[in-house]
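Report on one structure; see the data block that follows.
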Amino acid sequence: MKIVILDGYTLNPGDLDWDAFKSLGDLTVFDRTEHDTKKIIEAIGDAEIVLTNKTPISEAVLKKAPNLKYIGLLATGYNNVDIATAHDLDIVVTNIPTYGTTAVAQFTMALLLEMCHHVGEHNSAVQRGEWTNSKDFSFWNYPLIELEGKTMGIIGFGSIGRATAKLAQAFGMKILTTQSSKKPETETDIKVVDMATLFKNSDVVSLHIPLTNETEGLINKSTIAKMKNSAMLINTARGGLIVENDLKEALNSGQLAYAAVDVVSTEPITEDNPLLKAKNCIITPHIAWAPKASRTRLMTTAIENLKAFLNDQPVNVVKP
């Protein structure tokens, strides 16, 4: 059995190993595969098993991979695979649902705290000598924000959304969400509201939903207009949830106070991405998922998913 990993480097830049996959078949690992249909087809070849993180597997690719029986996503999101076509071709697709819950929730709060305190910039100011040359024992270059009593609106209340809520509550924040996967009586101080109410009343809006046809462009000129001018927006989910030019205009005009994103519409980020010209916008290179502990969980689950498939008992199956 031939196994191909299309883009293994980000998961395993050298601090993990592929030995468990090697024990299951003839393994080929590509650090990266160019996002070109012909080259993806060539990389897959006659493999029965393919694993991918962000390399797209389109209808055209699927129809040129006659031996393909299984696609293992090395991620939670699955918008890079044509799930409907895979289903029609009897190709099983699995994902990794909860490996990054702790890491992404923690990173969400890191972005929030950076917007509140600008730790990096204040460190840079000290290194530049601004504190040495200050007439006072204390100075700050940005307003400093206390989170106690503020409201976080969490869009998407799965495992990551709930973990984020728990951390935010530890800072004394109130939580709004548009949906809850638990019974209301099991949620402590979580208020379920409609989307308009969430936008209107949140001091912080944090996105934790998948990118689908329904959620694409959720944050746009119209929805931003419903938010407080003092609000902060955080996106650790998918870049396509935001109309980036609308967000840039809102930040530059003062219609929105701050934004922090770990994801953008095209990755790596392109030179013409509007957010690169936005005021008060923190951009990090899609790293919320990447601590070694979470990558190790991802690798372990990917192996378990494949073993379950080979035993004719697939788990974590993505359906159209």
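Note that the numbering runs from 1 along the sequence shown for the chain.
- Salt-bridge formation is detected for the pair E59/K63: a Lys NZ or Arg NE/NH1/NH2 atom is positioned less than 4.0 Å from an Asp or Glu carboxylate oxygen.
- Linking ILVMFWY residues whenever their side-chain heavy atoms come closer than 4.5 Å, directly or via other members, places L16 and W18 in the same cluster.
- A salt bridge links K228 to D203: at least one charged side-chain nitrogen sits closer than 4.0 Å to a carboxylate oxygen.
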For a quick test of your reading: what N or O donor-acceptor pairs under 3.5 Å do the side chains of residues 102-110 make, sequence neighbours left out?
from, atom 1, to, atom 2, distance (Å)
T108, OG1, V104, O, 2.8
T108, OG1, T236, OG1, 3.3

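- In this model, a donor atom of one side chain and an acceptor atom of the other lie less than 3.5 Å apart for T212 and T215.
- Remark: Y9 OH is loosely packed, at most 12 non-hydrogen atoms of other residues, nucleotides or ligands lying under 6.0 Å away.
- What you find for I154 and H208 is that their closest heavy atoms are CG2-CD2, 3.8 Å.
- Taking both residues in full, the closest heavy atoms of G239 and E244 are given as O-OE2, 4.4 Å, listed atom of the first, atom of the second, then distance.
- Salt-bridge annotation for E148 and K174: absent, with no side-chain N of the basic residue lying under 4.0 Å from a carboxylate O of the acidic one.
- L11 and L51 fall within the same hydrophobic cluster, where Ile, Leu, Val, Met, Phe, Trp and Tyr residues are linked whenever their side-chain heavy atoms come under 4.5 Å apart, directly or through other members.
- Formation of a donor-acceptor pair under 3.5 Å by the D7 side chain with backbone atoms of T52 is not found in this model.
- Across every non-hydrogen atom of T101 and S159, the tightest pair is OG1-OG, 3.1 Å.
- With hydrogens and angles disregarded, no donor-acceptor distance shorter than 3.5 Å links the side chain of N67 to the backbone of A47.
- One finds the CD1 atom of I96 at 5.0 Å from the CG atom of L298 (value rounded to the nearest 0.5 Å).
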In sequence, state the C-alpha distance, the side-chain angles, and the governing distance for F30 and V4, and then conclude on side-chain contact (heavy atoms from CB on, under 4.5 Å).
CA-CA 8 Å; F30 295 99; V4 171; 3.8 Å; yes

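- Between the CD atom in E42 and the CG atom in D36 there is a gap of 8.0 Å [rounded to 0.5 Å].
- Between K2 and D46 there is a salt bridge, since a side-chain N of the basic residue sits under 4.0 Å from a carboxylate O of the acidic one.
- Y70 and I44 are assigned to two separate hydrophobic clusters, defined by single-linkage of ILVMFWY side chains at heavy-atom distances under 4.5 Å.
- H87 and T85 are not linked by any side-chain donor-acceptor pair at a separation below 3.5 angstrom, with hydrogens and angles left out of the test.
- For residues 308-320, the pairs satisfying side chain to side chain donor-acceptor pair (under 3.5 Å) are N305-N316, with sequence neighbours left out.
- A donor and an acceptor atom, one from each side chain of N229 and Q255, are nowhere located under 3.5 Å apart.
- Counting all heavy atoms, side chain and backbone alike, L62 lies closest to D82 at CD1-O, 3.6 Å.
- Across all non-hydrogen atoms, the minimal contact from M115 to I282 is CG-CD1, 3.8 Å.
- No donor-acceptor pair under 3.5 Å is formed between the side chain of N95 and the backbone N or O of V318.
- Atom NZ of K69 and atom CD1 of I91 lie 7.5 Å apart (nearest 0.5 Å).
- Residues V92 and L310 share a hydrophobic cluster, clusters being chains of Ile/Leu/Val/Met/Phe/Trp/Tyr side chains in contact below 4.5 Å.
- In this structure, the side chain of T177 does not engage the main chain of V192 through any donor-acceptor pair within 3.5 Å.
- Looking at K39 and E34, a side-chain N of the basic residue comes within less than 4.0 Å of a carboxylate O on the acidic one, giving a salt bridge.
- Here the side chains of I5 and L74 are in contact, with some heavy-atom distance below 4.5 Å.
- Looking at N12, its side chain never comes within 3.5 Å of a backbone N or O of G8 through a donor-acceptor pair.
- For Y78, the OH atom counts as loosely surrounded, since its 6.0 Å shell holds 12 or fewer non-hydrogen atoms of other residues, nucleotides or ligands.
- Side chains of D136 and S134: a donor-acceptor N/O pair is absent below 3.5 angstrom, by distance only.
- Counting heavy atoms from C-beta outward, L73 and T94 have side chains that stay 4.5 Å or more apart.
- Remark: R295 is not positioned above the aromatic ring of Y99, lacking an NZ or CZ atom under 6.0 angstrom from the ring centre and at most 45 degrees off the axis.
- Remark: W131 CH2 to H122 NE2 distance equals 11.5 Å, nearest 0.5 Å.
- D262 contributes atom CG, which lies 3.5 Å from atom OG1 of T284 (distance to the nearest 0.5 angstrom).
- A heavy-atom distance below 4.5 Å is not found between the side chains of N80 and I57.
- Between C281 atom SG and L247 atom CG the span is 6.0 Å, to the nearest 0.5 Å.
- In this structure, I71 is not a member of the same hydrophobic cluster as L306, with clusters built from ILVMFWY side-chain heavy atoms closer than 4.5 Å.
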